Amino acid sequence: MLSLPFIHHVITGRWFMIFASCLIMAVSGATYMFGLYSNEVKTSLGYDQSTLNLISFFKDLGANLGIFSGLINEISPPWVILAMGATMNFIGYFMIWLSVTSRIAKPQVWQMCLYFYIGANSQSFANTGALVNCVKSFPRSRGSVIGLLKGYVGLSGAIFTQFYHAFYGDDSKALIFLIGWLPAAISFVFLPTVRVLSITPQPKEIKVFYQLLYISLGVAGFLMVLIIIQNKLSFTRVEYIGDGMVVLLLLLLPLGVVFSEEFKLWKNQNQNQTFTNHAGAASVVELPQPEEAHAVAPTHSERKNNNSCLKNVFKPPKRGEDYTIFQALFSIDMLILFIATVFGVGGTLTALDNLGQIGNSLGYPRKSLTTFVSLVSIWNYLGRASSGFASEYLLIKYKFPRPLLLTLVMLLSCVGHILIAFGIPNSLYFSSVIIGFCFGAIWPLMFAIISEIFGLKYYSTLYNFGAVASPVGSYILNVKVTGYLYDKEALKQLGVKGLIRQKGKDLTCVGVQCYRMAFLIITASTLVGCVVSFILVLRTRNFYKGDIYEKFRVLELDTGESLPTFGSTSGTTTTTNRVEEQDKINRK
């Protein structure tokens with residue numbers, strides 16, 4: 001079983017690609033840890049809250065402005081995207097670390113904004129290189145794929161926290177350095193693995209994703225227990241190192257599932273080879289790819305349509321068909337989804353970015369701030385995983401539309417915002433859980449909705465366009481609303497004390513009033529997002545009542561319970577031809 005050909009088969013297999021993508025995504029959520037080291041940036045560089053929130057906006061802009069990575073992915077292999085992302089990640093966060101530790105001269109604000117943008121933009125490259133190609137490889141399980149991979153992004157905050165304590169103890173400035181080198185190293189290790197594969201359909205592949213989900217739930221459960229214990233007890237450096245080793249082993253646990261599934265495919269492949277050797281060559285008929293058939297001899301009308309493609313911008317195909325980029329961008333559905341995300345995600349992102357300052361203003365100890373970030377990370381993961389898998393189940397079983405689930409998640413996030421606004425004692429623990437869960441749940445739903453309504457042909461670009469709504473909402477609600485109101489209250493408190501803010505000194509506000517008005521406004525804006533999202537529910541209700549995955553269905557047995565295998569002795573080789581045709585379509 002462990003022969004060199006088999007090991008090569010595993011490493012180059014599609015399930016190992018899923019495993020590699022999970023590890024890449026598990027260290028690609030550094031932007032969600034901003035609340036853990038934002039105080040270091042603020043105090044060491046002497047910023048007020050408005051300046052810190054401006055830097056935070058550029059971080060969010062970089063993390064979500066993935067249109068460039070999407071366009072590059074349209075014309076280049078995934079390893080190019082991952083290599084570019086790894087390089088940008090190291091350069092950006094390394095420069096931030098040098099600035100915060102005073103190893104270089106204090107940078108201008110625009111330089112810090114640029115460093116954060118470059119470092120955070122690497123996240124969009126990792127998402128595009130790993131997630132988009134996995135979705136295209138498993139189109140019928142896209143909700144599960146997005147939920148699993150985005151779930152690991154949500155876990156990255158808690159994973160980084162354990163590794164940071166194991167490597168550097170309690171030095172929060174060193175966390176920035178860890179964020180710089182670890183994701184870059186992992187991306188470079190798996191560069192040859194994440195690529196477009198010729199896929200062999202497998203019976204009930206969804207069960208494999210559920211096995212991977214159960215393992216990730218185990219990782220999340222262990223981290224949750226560990227966080228609670230660490231919040232109650234004081235750990236030594238050796239104990240942190242031991243915890244980090246356990247987390248590493250849990251992250252490698254999916255390799256067991258990978259070896260098991262790849263062995264089945266390896267065994268099947270050998271049987272298929274034997275079957276093919278005995279089959280007549282005349283029974284195999286190659287079906288041309290649709291794209292190739294059109295490319296051989298384009299007609300005059302086709303050439304005319306290609307020359308006037310902009311005329312079709314406002315004449316999109318039916319929902320579920322492949323839209324062009326411009327057709328999708330100028331569609332009413334995309335506009336509605338964009339506006340709903342601006343108001344819905346912008347508020348949760350503002351809460352996450354200000355979590356450290358919220359805790360300080362309400363008088364929580366420093367140890368609790370680490371707990372808040374870890375809780376957000378765990379529930380961010382649970383939101384991503386549960387919304388991906390649950391929405392897939394509800395959609396297939398009950399035709400429950402994803403846009404309606406998106407609306408309900410936004411409505412739930414209002415509870416977390418209200419808890420922050422009124423500053424009830426110890427309520428920040430609960431609001432961290434609620435906001436972390438809702439923030440995580442929104443992304444798989446939005447990305448799956450985009451793939452379902454606008455098709456997969458230009459998914460890498462449209463996927464990243466949908467993410468742009470997040471920094472737009474963050475700029476409005478975080479920089480213009482929250483930062484302004486925080487500084488206004490802080491200056492008011494200085495005035496009561498008869499003090500004047502000195503240039504280069506950080507500006508700090510204390511008390512529940514620091515964030516009350518801001519989060520009341522955020523609650524109202526999120527409710528607006530819920531109303532806009534519900535409009536999309538009404539527009540797409542008939543679409544989701546149908547079979548949205550019909551065109552991805554491979555020829556199945558009469559029972560409809562499993563896909564045929566190449567080695568089946570009860571059928572003909574036409575099944576093989578249909579599978580090969582589907583593989584070509586997937587590769588496109």
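Treat the numbers as computed from the prediction; the structure is a model and nothing was measured. Start at 1 with the first residue, then count along the sequence.
- How far CG of L337 is from CE of M446: 6.5 Å, rounded to the nearest 0.5 Å.
- Residues L149 and C134 meet the side-chain proximity criterion, which asks for heavy atoms closer than 4.5 Å.
- When all heavy atoms of I81 and G129 are compared, the pair lying nearest together is CG2-N, 3.8 Å.
- Closest approach of S156 and S377 over heavy atoms only: N-OG, 3.9 Å.
- Not a single donor-acceptor pair under 3.5 Å links the side chain of Q513 to the backbone N or O of E489.
- Within the 3.5 Å criterion, the main-chain N or O of C438 finds no donor-acceptor partner in the side chain of S413.
- Distance alone, capped at 3.5 Å, places no donor-acceptor pair between the Y47 side chain and the V41 backbone.
- In this structure, the side chain of S431 engages the main chain of S427 through a donor-acceptor pair within 3.5 Å.
- From K492, atom NZ reaches atom CG of D487 across 14.5 Å, with rounding to the nearest 0.5 Å.
- Rounding to the nearest 0.5 Å gives a distance of 10.0 Å between CZ of F94 and OG of S99.
- When all heavy atoms are compared, the tightest approach of L536 to T540 is O-OG1, 2.8 Å.
- In this structure, the salt bridge (Lys or Arg N to Asp or Glu O under 4.0 Å) partners of E40, at least two apart in sequence or on a different chain, are R366.
- Using a 3.5 Å distance cut-off with no hydrogens or angles, the side chains of N73 and T128 do not pair a donor with an acceptor.
- The structure places OH of Y429 at 14.5 Å from CG of L419, a figure rounded to the nearest 0.5 Å.
- S361 places a side-chain N or O within 3.5 Å of a backbone atom of I358 that can act as its donor or acceptor partner.
- Counting heavy-atom neighbours within 6.0 Å of K173 NZ, excluding the residue itself, gives a total above 12.
- The pair R402-E392 meets the salt-bridge criterion, with a side-chain N (NZ, NE, NH1 or NH2) lying under 4.0 Å from an Asp/Glu carboxylate O.
- No donor-acceptor distance shorter than 3.5 angstrom exists from the side chain of R384 to the backbone of L155, with no hydrogens or angles considered.
- Counted within 6.0 Å of CZ on F188, heavy atoms from surrounding residues, nucleotides or ligands total more than 12; the atom is thus considered enclosed.
- Of all heavy-atom pairs spanning I424 and Y364, the tightest one is O-OH, 4.2 Å.
- M224 CE: more than 12 foreign heavy atoms inside a 6.0 Å radius.
- Listed for the S470 side chain is no donor-acceptor partner under 3.5 Å among the backbone atoms of A467.
- Taking both residues in full, the closest heavy atoms of T407 and S533 are given as OG1-OG, 2.7 Å, listed atom of the first, atom of the second, then distance.
- Here the shortest heavy-atom pairing between L82 and A130 reads CD2-N, 4.3 Å.
- The 12-atom threshold is not exceeded at CD1 of I332, counting heavy atoms of other residues, nucleotides or ligands nearer than 6.0 Å.
- For the 3.5 Å distance criterion, the side chains of N53 and S56 fail to qualify, holding no donor opposite an acceptor.
- Under a 3.5 Å cut-off, the side chain of S432 and the backbone N or O of L428 do form a donor-acceptor pair.
- With 3.5 Å as the limit, one finds a donor-acceptor pair spanning the side chains of Q123 and T31.
- In F338, the CZ atom is crowded: over 12 heavy atoms of neighbouring residues, nucleotides or ligands sit closer than 6.0 Å.
- N89 and S122 share a donor-acceptor pair across their side chains, judged by distance under 3.5 Å alone.
- Around the CZ atom of F389, the shell of radius 6.0 Å holds more than 12 heavy atoms that belong to other residues, nucleotides or ligands.
- Remark: K59 engages D353 in a salt bridge (Lys or Arg N to Asp or Glu O under 4.0 Å) (not counting sequence neighbours).
- Atom CH2 of W443 has more than 12 neighbouring heavy atoms from other residues, nucleotides or ligands inside a 6.0 Å radius.
- Defined by atom type and a distance below 3.5 Å, a donor-acceptor pair is present between the side-chain atoms of S216 and Y381.
- Under a 3.5 Å cut-off, the side chain of E239 and the backbone N or O of T236 do form a donor-acceptor pair.
- A 4.5 Å side-chain heavy-atom check between L404 and F534 finds at least one atom pair inside the cut-off.
- No donor-acceptor distance shorter than 3.5 angstrom exists from the side chain of N121 to the backbone of A63, with no hydrogens or angles considered.
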